[in-house]
Amino acid sequence: MGAPFDPDPKISQYAHPERLVTPQWLADHADDPNIVIAESDEDVLLYETGHIPGAVKIDWHADLNDQITRDYVDAEGFARLMSAKGITRDTTIIFYGDNFNWWAAYALWVCSLFGHADVRLLDGGRQRWIAEGRPVTTDATHRTPTEYPVTPRDDATIRAFKEDVLSHISHGPLVDVRSPGEYSGELMHMADYPQEGALRGGHIPTARSVPWRRAAQDDGTFRPLDELQAIYVEEQGLAHDDDVIAYCRIGERSSHTWFVLTHLLGLPRVRNYDGSWVEWGNAVRVPIERPDPTA
Amino acid sequence: MLTPALQEIVDDFQMSPREMRLQMLLDYSRGLPALPERFADAHETLERVAECQTPFFVAVEVVDGHVHLFFDAPPEAPTTRGYAGILAAGLDGATVDEVLEISPDFALKMGLGELVSPLRLRGMSAILARIKRQVVLHTYGEAGRPSTD
């Protein structure tokens, strides 16, 4: 059986309180043999500068992505990774990371593609853990490799591809979680400097702009349930049975929003379009919406 | 073309396995010289590199035809700091021409793309591009570098 849930009052309000833990809960349960703490960062060297004692590192780029095809690792690769990190199929994995848990949410989402059941986020991530003065160490973590079963990746339920998005336009809500400048396409006007890899700026037609950051508070934690409902339900009108697709640039910020919609608000049909703008903004003959910059 | 110092760093990285390269990058991050005191009250003279995900600033000075680099990068961004540390170690004191001739693909040759993902590498190339632009500005003014063709 997995670890117990965090009874924290803010967390208890969410639709799936079993998906989030506080630093205090993690400190109290760090020695639970069924828990593995995993750090996933934007900056791939950050773990080496100091991590939560006992935490393993999961590198979004080197560990989770296939190194040739633009895709995630396959079932064998995922099983090898989990095994090497000392994770069994029954392990409770607590993810945390830098930058508002972008990559922690991304890693959690990738584990969910493979059906790993008990995956949780540390609310506030690395930023809050350190702000609270909790211990970090540069000591290497050694875990005994496990037998992790080879389980197929389900690309249909929580993942969307370009073709899915094309047929989704005008049929269901699309949530663009990038910054307003990326949404309007104006960031493509920066002269001489490389942007992160798209030839066209703008957004997918019908997509609404709801920057991921709106779901977060300054200390890195998620907003309380009522504030999230005000944004996504009251303001954006997302309904419980809506089929929602979220996207950003390469799928990390939209993992953050995917987590909010799926686990905090409890929407059962949310997909992350990980191809995101780096695919859409480079694809030939896909429709793009962009406000007239001279208007 | 690379400066001899930068070429040596590139060679070291090329010869090392992945895990070792990560450690070496971390060492350069730790070894990045602190921003000199005189910039403390003149932070606006530093240029922000907007392409980097974290606040990252660079200042360039050209003295007697030699380039000096100063960086301000937060400890929460060790990868970018590491890249800055490599530039500081490999380029500081080089001549204007040497800096302008640096081919930006050196980071790829070092295997950094494999470490930090090719996308993130672009933020790093942007640092070098801005350094070069400032070197041209300090040396030749707004008119830019005369064509050598």
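Side-chain atoms are counted along with the backbone in the values below, which use heavy atoms only and exclude waters and symmetry mates. Convention: sequence-line order gives letters A, B, ...; per-chain numbering from 1.
The distance from atom CG of A:D43 to atom CD of B:E76, rounded to the nearest 0.5 Å, is 9.5 Å. Note: B:R30 CZ to A:L45 CG = 9.0 Å, rounded to the nearest 0.5 Å.
For residues 87-96 of chain B, a heavy-atom distance under 4.5 Å to chain A picks out no residue at all. Contacts between residues 7-25 of chain B and chain A, defined by a heavy-atom separation under 4.5 Å, are made by B:R18, B:L22, B:L25.
Heavy atoms of other residues, nucleotides or ligands lying less than 6.0 angstrom from CD of B:E44 number more than 12.
Qualifying ring-ring contact (aromatic ring centres under 6.0 Å, His included) partners for A:F259, counting only residues two or more places apart in sequence or in other chains: A:F222, A:H263. For A:K57, the side chain to side chain donor-acceptor pair (under 3.5 Å) partners are A:E48, not counting sequence neighbours.
For B:R81, no part lies near chain A; criterion is any non-hydrogen pair under 4.5 Å. The contact between A:D59 and chain B is made entirely by side chain atoms (from C-beta outward), counting heavy-atom distances below 4.5 Å.
B:L26 and A:T49 get closest at one heavy-atom pair: CD1-CG2, 3.6 Å. Shown here for B:P75 and A:L46, the closest heavy-atom pair between the two residues is O-CD1, 4.1 Å.
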